[in-house]
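Each chain gets a letter, A, B and so on, in the order the sequences are listed, and its residues count up from 1.
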Amino acid sequence: MGKLSSFNNLNVFWKFISGNGVWMAESPTQMFWSDGLIDAINNTGKQLFVSDLAVVIKDKYPKALHHFLVLPWKDIDSVYELSSDDDGLLQEMYELGSKAASTSGLPAGQFEYGYHMKPSMRRLHLHVISKDYHSPCLSHWYHWNAFNTDFFIKHEYVVKKLHEKGCIDRPHTQHVMTLLETPLQCNQCTYVPKNFKDLKLHLKQHVEYGQHS
DNA sequence: GTTCTAGAAC
DNA sequence: GTTCTAGAAC
């Protein structure tokens with residue numbers, strides 16, 4: 001097997017996304033690290049926009065220059081619990097995300113909206129992230145693939161799938177692993193990075209010199 | 001989710 | 001010397 005197949009740091013990734021083990025709390029109201037988002041949305045100081053159905057916060061570890069999360073107040077764990085009845089909620093979450101994105105000053109088309117195929121944190125959360133992916137918090141190979149492969153389930157896909165089938169199918173473990181092992185590829189040009197550090201430097205060039213670096 | 005560390009691999 | 005791997009974290 002090749003280099004990518006032996007990228008076993010994914011086993012560590014798998015360990016924490018599978019929800020096993022005992023973890024340290026980050027605040028008195030948070031029993032597990034995986035409840036961090038639920039803790040955050042109930043902190044009024046962190047709420048950027050609020051509606052009856054959902055709330056927007058900044059991602060604690062932004063993976064781009066602008067990275068927001070939109071979460072429902074309702075205790076929905078993930079996209080796999082959604083039904084066609086939730087179309088209104090999804091649209092409202094998208095609208096709230098758009099409001100947050102507009103505060104960046106960037107064109108609306110510079111943002112991507114989607115859900116992770118295998119989220120680590122509890123409570124459904126829509127990622128609203130700028131396409132630069134220029135951030136010190138984007139520090140692992142699988143961070144990149146979590147946003148730049150089918151691991152990132154686009155908002156439009158979720159809406160379409162719920163309309164057509166009424167639910168989102170849970171993926172097989174092997175499929176998720178394969179997506180996270182995908183070779184690196186720039187999202188803004190045809191460049192194929194030699195390694196993760198090379199990708200980081202390349203993304204920085206796009207931010208500093210634009211699309212034609 | 002993240003940070004930290006040691007040791008392997010390149 | 002740099003990058004990647006692997007595991008712990010009460």
Trainee: When you look for runs of 3 or more Watson-Crick or G-U pairs in a row, both distances below 3.5 Å, which of them include DNA chain C?
Mentor: B:2-10 with C:1-9
Trainee: Kindly point out which of dT3(B), dT2(C), dG1(B) is positioned nearest to the side chain of His140(A)?
Mentor: dT3(B)
Trainee: Rounded to whole angstrom units, what separation is found between the CZ atom of Phe32(A) and the C1' atom of dC10(C)?
Mentor: 12 Å
Trainee: Measure from CG on Asp39(A) to C1' on dG1(B) and round the result to the nearest Å.
Mentor: 13 Å
Trainee: Taking dA9(C) as the reference, what is the distance to dG1(B) when you measure between their C1' atoms (whole Å, please)?
Mentor: 13 Å
Trainee: Sequence neighbours excluded and cut-off under 3.5 Å, please list the side-chain donor-acceptor pairs for residues 93-102 of chain A, or say none.
Mentor:
residue   : atom : partner  : partner atom : Å
Ser98(A)  : OG   : Tyr94(A) : O            : 3.0
Ser102(A) : OG   : Lys99(A) : O            : 2.6

Trainee: Using the side-chain heavy atoms of His116(A), tell me which of these nucleotides is nearest: dC4(C), dG1(B), dT2(B).
Mentor: dG1(B)
Trainee: Got a sec, which residues hit side-chain contact (heavy atoms from CB on, under 4.5 Å) with Asp150(A), two or more places apart in sequence or on another chain?
Mentor: Leu179(A)
Trainee: I need the CG-P distance between Leu138(A) and dT3(B), as an integer number of Å.
Mentor: 12 Å
Trainee: Please state how far atom NZ in Lys194(A) lies from atom P in dT3(C), giving the value in whole angstrom units.
Mentor: 11 Å
Trainee: Looking at Tyr61(A) versus His143(A), is the centre-to-centre ring distance below 6.0 Å?
Mentor: no
Trainee: Distance check: side-chain N/O of Lys63(A) vs OP1/OP2 of dT2(B), anything under 4.0 Å?
Mentor: yes
Trainee: Send over the distance from Asn195(A) CG to dG1(C) P, rounded to a whole Å.
Mentor: 19 Å
Trainee: With sequence neighbours left out, what residues match Asp132(A) under side-chain contact (heavy atoms from CB on, under 4.5 Å)?
Mentor: Ala64(A), Leu65(A), Ser130(A), His134(A), Val207(A)
Trainee: Between atom CG in Asp198(A) and atom P in dT2(C), what is the gap in whole Å?
Mentor: 16 Å
Trainee: Kindly state whether the ring of His127(A) and the ring of Phe147(A) have centres lying under 6.0 angstrom apart.
Mentor: yes
Trainee: Could you tell me which residues satisfy side-chain contact (heavy atoms from CB on, under 4.5 Å) with Glu81(A), sequence neighbours excluded, listed by chain and number?
Mentor: Ile76(A), Asp77(A)
Trainee: In whole Å, what is the span from the CG atom of Leu184(A) to the P atom of dT3(C)?
Mentor: 14 Å
Trainee: Is there any ring pair (Phe, Tyr, Trp, His ring centres under 6.0 Å) pair reaching into residues 170-201 of chain A, and which pairs are they, with sequence neighbours excluded?
Mentor: Tyr191(A)-His202(A)
Trainee: Nearest whole angstrom, please: distance from the C1' of dT2(B) to the CH2 of Trp141(A).
Mentor: 21 Å
